[in-house]
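Here, residue 1 is the first one in the sequence, and each next residue gets the next number.
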Amino acid sequence: MNLYLSDKIKVLSLVSILIVLCIHSGFHAYEIEGMRLNEYVQGAISEMIGRCAVPLFYIISGYLFFYEIPNGLHSIFEKQKKRMRTLLIPYIIASVFFVFFCVLVTIVPGTAQFINSSILPLFENNLGNIFYNIFYDAGTGMPIAAQLWFLRDLILLVILSPIWYLLYKYLRWYWVIGVFALNYLSLNHFPVYPLFWFGLGGALVSTNIFNWNIKSYKISILLVTFLILCTLQLFYSQLIIWDYIKIPI
């Protein structure tokens with residue numbers, strides 16, 4: 001990968017990180033009730049434009065994973081090994097640290113009052129359920145450290161990446177379109193939404209999209225269309241159609 005492309009992806013990642021901070025720093029509707037301008041500005045940044053951040057992370061991850069795989073499945077397996085070091089090990093450490101910290105806060109005198117609920121009931125389950133709650137699903141659809149759901153899903157997608165590679169090889173773009181359709185079905189316990197964006201990132205390798213000049217008409221059309229749709233959704237959110245086109249937006 002050339003330096004220009006590498007720097008461009010780093011900038012996109014940085015922008016996405018800042019947008020995620022905006023998403024999680026917003027107030028709830030009842031907290032700003034009556035402050036219409038505040039509500040619109042916050043909604044535009046955090047709930048509309050800002051929602052491109054997580055898909056962009058998955059697109060970049062998919063693009064980098066399927067970028068330069070000269071030896072087919074052998075290259076995929078090599079990338080899996082690298083991703084296990086950079087994804088799985090940090091995920092395990094972060095998850096265990098979160099549990100340890102919550103236990104510590106619970107048992108230290110004077111600090112338990114500052115947390116919403118104790119984590120100690122977790123250890124009343126058998127060992128298998130404890131691991132399942134910590135690393136996969138604590139009953140909310142997210143691991144016990146809920147903020148790590150992105151890593152959990154990305155790890156699963158990387159583990160299954162040989163399947164995605166074969167789908168690329170034999171079905172090209174069609175399988176990504178098929179996954180897009182699956183987003184409208186209620187499929188539990190499998191990250192269909194992340195798979196679409198991760199798969200799209202891999203499919204974009206053949207388009208050289210990250211090498212497009214920011215001043216090109218292609219980028220301009222994409223940005224203008226995106227901003228128009230976000231603006232319409234902001235002011236006409238009552239339209240039922242948004243439930244069906246919020247993914248492409």
Side-chain angles (χ1 to χ4, degrees), residues 1 6 9-10 12-25 50-69 73 75-106 115-165 179 183 187-202:
M1 180 179 296
S6 176
I9 291 177
K10 288 178 182 177
L12 285 172
S13 298
L14 174 62
V15 171
S16 297
I17 291 171
L18 295 176
I19 292 175
V20 169
L21 290 176
C22 289
I23 292 173
H24 288 284
S25 62
R51 290 300 167 182
C52 69
V54 171
L56 187 55
F57 275 128
Y58 278 118
I59 287 175
I60 292 173
S61 298
Y63 185 90
L64 292 176
F65 190 86
F66 291 101
Y67 185 82
E68 293 185 347
I69 43 175
L73 282 175
S75 296
I76 295 294
F77 295 141
E78 288 298 318
K79 290 201 173 188
Q80 279 184 319
K81 293 178 183 178
K82 293 180 181 179
R83 295 304 190 277
M84 290 303 102
R85 292 196 299 269
T86 58
L87 292 176
L88 182 59
I89 294 177
Y91 178 71
I92 293 174
I93 293 174
S95 298
V96 172
F97 174 79
F98 179 84
V99 173
F100 173 78
F101 179 80
C102 289
V103 170
L104 187 64
V105 171
T106 301
I115 60 175
N116 294 327
S117 59
S118 172
I119 198 175
L120 297 182
L122 168 69
F123 299 98
E124 297 174 2
N125 299 309
N126 60 54
L127 188 61
N129 282 333
I130 291 175
F131 277 94
Y132 184 80
N133 278 263
I134 293 175
F135 297 111
Y136 194 76
D137 187 353
T140 60
M142 295 179 284
I144 201 162
Q147 63 271 27
L148 298 178
W149 69 269
F150 175 90
L151 273 180
R152 177 204 63 184
D153 290 354
L154 186 56
I155 290 169
L156 180 59
L157 295 179
V158 169
I159 291 173
L160 299 175
S161 58
I163 298 175
W164 318 139
Y165 169 76
V179 174
N183 276 284
L187 298 178
N188 298 322
H189 307 298
F190 189 78
V192 176
Y193 179 80
L195 173 58
F196 168 69
W197 295 111
F198 183 81
L200 179 61

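Taking 4.5 Å as the limit, some side-chain heavy atom of Phe57 sits within range of a side-chain heavy atom of Ile17. Residues Tyr58 and Phe150 form a side-chain contact, since some pair of their non-hydrogen atoms from C-beta on lies under 4.5 Å apart. The closest side-chain heavy-atom distance from Ile134 to Leu122 is below 4.5 Å. The shortest side-chain heavy-atom distance between Pro143 and Tyr91 falls under the 4.5 Å cut-off. For the pair Phe123/Val103, a side-chain contact is recorded, criterion being any heavy-atom separation below 4.5 Å from C-beta on. In this structure, Phe198 and Phe66 have side chains that are in contact, with non-hydrogen atoms separated by less than 4.5 Å. Residues Pro55 and Phe196 fail the side-chain proximity criterion, which asks for heavy atoms closer than 4.5 Å. Looking at Phe65 and Leu154, their side chains never come closer than 4.5 Å, going by heavy atoms from C-beta outward.
Identified under the side-chain hydrogen bond (donor to acceptor under 3.5 Å, both in side chains) test for residues 139-161, with sequence neighbours left out: Gln80-Ser161.
Across all their heavy atoms, Gly139 and Asp137 have their closest contact at N-OD1, 2.8 Å. Residues Leu157 and Trp164 share a closest heavy-atom pair of O-NE1, 2.9 Å. Heavy atoms only, all atoms of each residue included: Leu64 and Lys79 are closest at O-NZ, 3.0 Å. Considering every non-hydrogen atom in both Pro191 and Pro194, the closest pair reads O-CD, 3.3 Å.
Atom-to-atom distance recorded for Ile60:CD1 and Leu12:CG is 5.0 Å, nearest 0.5 angstrom. To the nearest 0.5 Å, atom CG of residue Leu200 and atom CD1 of residue Ile59 are 5.0 Å apart. From Ile69, atom CD1 reaches atom CD1 of Ile76 across 4.5 Å, with rounding to the nearest 0.5 Å. To the nearest 0.5 Å, the span separating CG on Leu195 from CG on Leu160 amounts to 8.5 Å. Between the CG atom in Asn125 and the CG atom in Asn133 there is a gap of 6.0 Å [rounded to 0.5 Å]. Here the CD1-CG distance, from Ile93 to Leu88, works out to 9.5 Å after rounding to the nearest 0.5 Å.
Ring geometry, Phe100 versus Phe97: the interplanar angle falls from 30° to 60°, so the pair is classed tilted. The aromatic rings of Phe131 and Phe135 lie parallel to each other, their planes meeting at an angle below 30°, with 60° marking the opposite boundary.
Shown here is Phe190, whose CZ atom has more than 12 heavy atoms of other residues, nucleotides or ligands within 6.0 Å.
When Arg85, Met84, Glu78 are each tested for a side chain to side chain contact (heavy atoms under 4.5 Å, CB included) with Lys82, only one passes: Arg85.
Under the rule for a side chain to side chain donor-acceptor pair (under 3.5 Å), Ser16 has no partner lying at least two apart in sequence or in another chain.
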